[in-house]
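Data block below; observations after.
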Amino acid sequence: MSNKFRSGCPIASTLDVVGDRWSLLIIRDMLVKHKKTFKEISNSDEKIAPSILSARLKLLESYRLIFKTKFPENKKENIYLLTEKGIDLAPIIIELTLWGDANMREFNDIDVVDGVSVDKSIIIATVKRNYTSMLKYKLKQKVDIVVD
């Protein structure tokens, strides 16, 4: 897979990787909902088509935001896990969630956050810590991902 950007602008480069309508939702599901398998990710509320999901997973893997492996106890099924780069998208996911809840609520019947008054840095640190803890527990091995 060719990793080319439209320009050298960091915003444009980032949008080339995660600016489509699916990539951040995949990362959200992995980071917040701890989805790991193709089937789990494809069962999201947004109903991503299998062909699109496959292409996005390959794209995210090519930029090292995720990696593909297998559970130690099940060598048949692929699982997808976030790398440190992928986990570092937590602040963007949280900001978009908070912004969307505050500014899109009038267009959407669902309250996503409703009354969050906790410091965003605490939410971000908690999301990162929970994901890393899940990795350590699920893989039953040392995971070299450091979360502040």
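Side chains are part of it too, since the values below use all heavy atoms of this structure and drop only hydrogens, waters and symmetry mates. Here the structure is a predicted model, which is why all the values come from computation and not from measurement.
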**Report entry** salt bridge (charged side-chain N to carboxylate O under 4.0 Å, His left out) partners of Glu77, counting only residues at least two apart
**Finding:**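 None.
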Can a donor-acceptor pair be found, under 3.5 Å and without considering hydrogens, that links the side chain of [X] to the backbone of [Y]?
X	Y	value
Tyr131	Leu82	yes
Ser133	Asn130	no
Asp29	His34	no
Glu40	Lys36	yes
Thr37	Ile79	no
Ser54	Pro50	no
Asp101	Thr97	no

Query raised in the report: Are side-chain heavy atoms of Asn78 and Phe38 found at a separation under 4.5 Å?
Result: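 The answer is no; the side chains never approach within 4.5 Å.
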Query raised in the report: Side chains of Ser62 and Leu59: closer than 4.5 Å at any heavy-atom pair?
Result: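 When only atoms from C-beta onward are counted, Leu59 and Ser62 do touch, with a gap below 4.5 Å.
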Query raised in the report: How close do Ser7 and Ser13 get, heavy atom to heavy atom, and via which atoms?
Result: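 Of all heavy-atom pairs spanning Ser7 and Ser13, the closest is O-OG, 3.3 Å.
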Query raised in the report: Looking only at heavy atoms, which two atoms of Leu57 and Ile66 are closest? And how far apart?
Result: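 The answer is O-CD1, 3.5 Å.
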Requested in this report: Report the C-alpha distance between Ser23 and Asp20 in whole Å, list the side-chain angles of each, state the deciding distance to 0.1 Å, and finish with yes or no for side-chain hydrogen bond (donor to acceptor under 3.5 Å, both in side chains).
Outcome: CA-CA 6 Å; Ser23 294; Asp20 62 89; 2.6 Å; yes
Query raised in the report: Using 4.0 Å as the upper bound for N to carboxylate O, is an ion pair formed by Arg64 and Glu84?
Result: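 Between Arg64 and Glu84 there is no salt bridge, as every charged N stays at least 4.0 Å from the carboxylate O atoms.
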Any chance you could measure [X], atom [atom1], to [Y], atom [atom2], to the nearest 0.5 Å?
X	Y	atom1	atom2	value
Ile52	Lys47	CD1	NZ	14.5 Å
Leu31	Thr132	CG	OG1	9.0 Å
Ile11	Asp16	CD1	CG	12.0 Å
Tyr80	Leu65	OH	CG	15.0 Å

Report task. Evaluate side-chain contact (heavy atoms from CB on, under 4.5 Å) for Leu24 paired with Leu96, printing each intermediate quantity in order. Result -> CA-CA 10 Å; Leu24 284 177; Leu96 284 171; 3.6 Å; yes
Report task. List the steps and the verdict of salt bridge (charged side-chain N to carboxylate O under 4.0 Å, His left out) for Glu46 and Arg28. Result -> CA-CA 12 Å; Glu46 292 80 15; Arg28 173 210 61 194; 2.9 Å; yes
Query raised in the report: Cluster question for you: counting only ILVMFWY and a side-chain heavy-atom cut-off of under 4.5 Å, with indirect links fine, are Val18 and Phe67 together?
Result: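 Both belong to a single hydrophobic cluster.
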